Amino acid sequence: MSHANTSPEPASPEMAAKLAVNRTGRLAPSQRRMVMIAGVVAAALLLCPLAMVIQLVGLIATSNVPAVTTVGVVFTVLGVVFLLLFAGLIYVNARMFLPDALGPNPVRYVRGVLEIRLTEKDRPELPFSYVVGDYSFAPYVAPPDVSMRPGAPYIVYYAARSRVLLSVAALDAPDAAQWEPQFENAG
């Protein structure tokens, strides 16, 4: 598809506010809150399996352990596996989001031509992805105030670790020059 028939519009006021901050390599306050909330919620959920482990240790320490049975052992092993999986999932989420919110260099960018990549299998929840350079995002993630024109050049700012889409601008729009990054992408 060509983008020659449509002219890009300048960034909306909301997107312009995000772009103005993201181009400096920082997260906008609303973006920092969103990333921080995701990380804190994941860390708080880690308290659930921790509380269960503490209760189990307390039960063993008080010598009120019930008699060992086959069903009890199977139930305990399944419980431990569940706790480990749950804790691992939460740990990975917290480790992904909190460095974006608290660490240095939380923003990355990519420039390129917008492509649409169809999924290889029948996936109604994700029929295609938008791709700019080496960054891809789902159609339901695209900001509603940005016209996504395949074949047009874009700059995309995203969170460094979690790769959450932060802001996007058409590089052929009248205001494109003011959205160019003022920082170098960190490795």
Side-chain angles (χ1 to χ4, degrees), residues 1-42 89-90 92-187:
M1 277 198 242
S2 173
H3 68 281
N5 295 340
T6 59
S7 60
E9 296 182 16
S12 70
E14 295 81 21
M15 184 59 68
K18 292 176 189 174
L19 287 163
V21 176
N22 294 155
R23 73 185 289 246
T24 65
R26 297 183 331 237
L27 297 172
S30 63
Q31 294 166 336
R32 184 172 306 284
R33 269 191 307 277
M34 183 257 317
V35 170
M36 191 71 169
I37 287 170
V40 168
V41 166
L89 179 66
I90 293 167
V92 167
N93 279 331
R95 188 163 182 223
M96 186 181 342
F97 287 104
L98 290 178
D100 282 342
L102 304 173
N105 308 316
V107 177
R108 300 281 184 278
Y109 66 89
V110 64
R111 286 187 195 96
V113 173
L114 177 70
E115 300 173 26
I116 292 182
R117 229 176 252 153
L118 300 174
T119 53
E120 293 179 15
K121 297 179 181 177
D122 183 29
R123 293 183 57 192
E125 78 282 3
L126 184 65
F128 67 91
S129 295
Y130 289 121
V131 179
V132 175
D134 66 350
Y135 182 76
S136 66
F137 55 100
Y140 58 82
V141 175
D145 55 348
V146 177
S147 175
M148 304 307 291
R149 300 170 298 119
Y154 284 85
I155 186 161
V156 176
Y157 292 97
Y158 60 93
R161 303 242 338 175
S162 61
R163 296 187 58 89
V164 169
L165 177 68
L166 300 173
S167 57
V168 60
L171 289 175
D172 57 353
D175 60 345
Q178 66 187 11
W179 310 133
E180 287 293 331
Q182 297 176 332
F183 66 99
E184 292 296 320
N185 266 341

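Predicted model only: the values in this text are computed from it and were never measured.
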Closest approach of [X] and [Y], non-hydrogen atoms and distance?
X: Ala173; Y: Glu9; value: CB-O, 3.7 Å
X: Leu19; Y: Ala169; value: CD1-CB, 3.7 Å
X: Pro174; Y: Pro8; value: CD-O, 3.7 Å
X: Ser129; Y: Pro139; value: CA-CD, 4.5 Å

Problem set entry | Exceeds 12 heavy-atom contacts within 6.0 angstrom, atom CE of Met148 | yes
Exercise. Is Glu184 atom CD crowded by more than 12 heavy atoms from other residues, nucleotides or ligands, each under 6.0 Å away?
Worked result: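 For Glu184, atom CD is not crowded (no more than 12 foreign heavy atoms under 6.0 Å).
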So how far is it from [X] [atom1] to [Y] [atom2], rounded to the nearest 0.5 Å?
X: Ser167; Y: Gln31; atom1: OG; atom2: CD; value: 6.0 Å
X: Ile116; Y: Tyr130; atom1: CD1; atom2: OH; value: 5.5 Å
X: Asp100; Y: Arg163; atom1: CG; atom2: CZ; value: 11.0 Å
X: Met34; Y: Ser162; atom1: CE; atom2: OG; value: 7.0 Å

For this session: Mind running side chain to side chain contact (heavy atoms under 4.5 Å, CB included) on Leu166 and Val107 for me, showing each step along the way?
Result: CA-CA 8 Å; Leu166 300 173; Val107 177; 3.8 Å; yes
Exercise. Between Tyr135 and Leu165, does a side chain to side chain contact (heavy atoms under 4.5 Å, CB included) hold up when you go through it step by step?
Worked result: CA-CA 9 Å; Tyr135 182 76; Leu165 177 68; 3.4 Å; yes
Problem set entry | Option from Tyr154, Phe183, Trp179, Tyr158 for which ring-ring contact (aromatic ring centres under 6.0 Å, His included) with Tyr109 holds | Phe183
Exercise. Just wondering, do Pro143 and Met15 contact through their side chains at under 4.5 Å, heavy atoms?
Worked result: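 When only atoms from C-beta onward are counted, Pro143 and Met15 do touch, with a gap below 4.5 Å.
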For this session: Could you check if a side-chain atom of Leu27 sits within less than 4.5 angstrom of a side-chain atom of Val21, using non-hydrogen atoms only?
Result: no
Exercise. Has the side chain of Arg23 got a donor or acceptor atom that lies under 3.5 Å from a matching backbone atom of Glu180?
Worked result: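 Yes.
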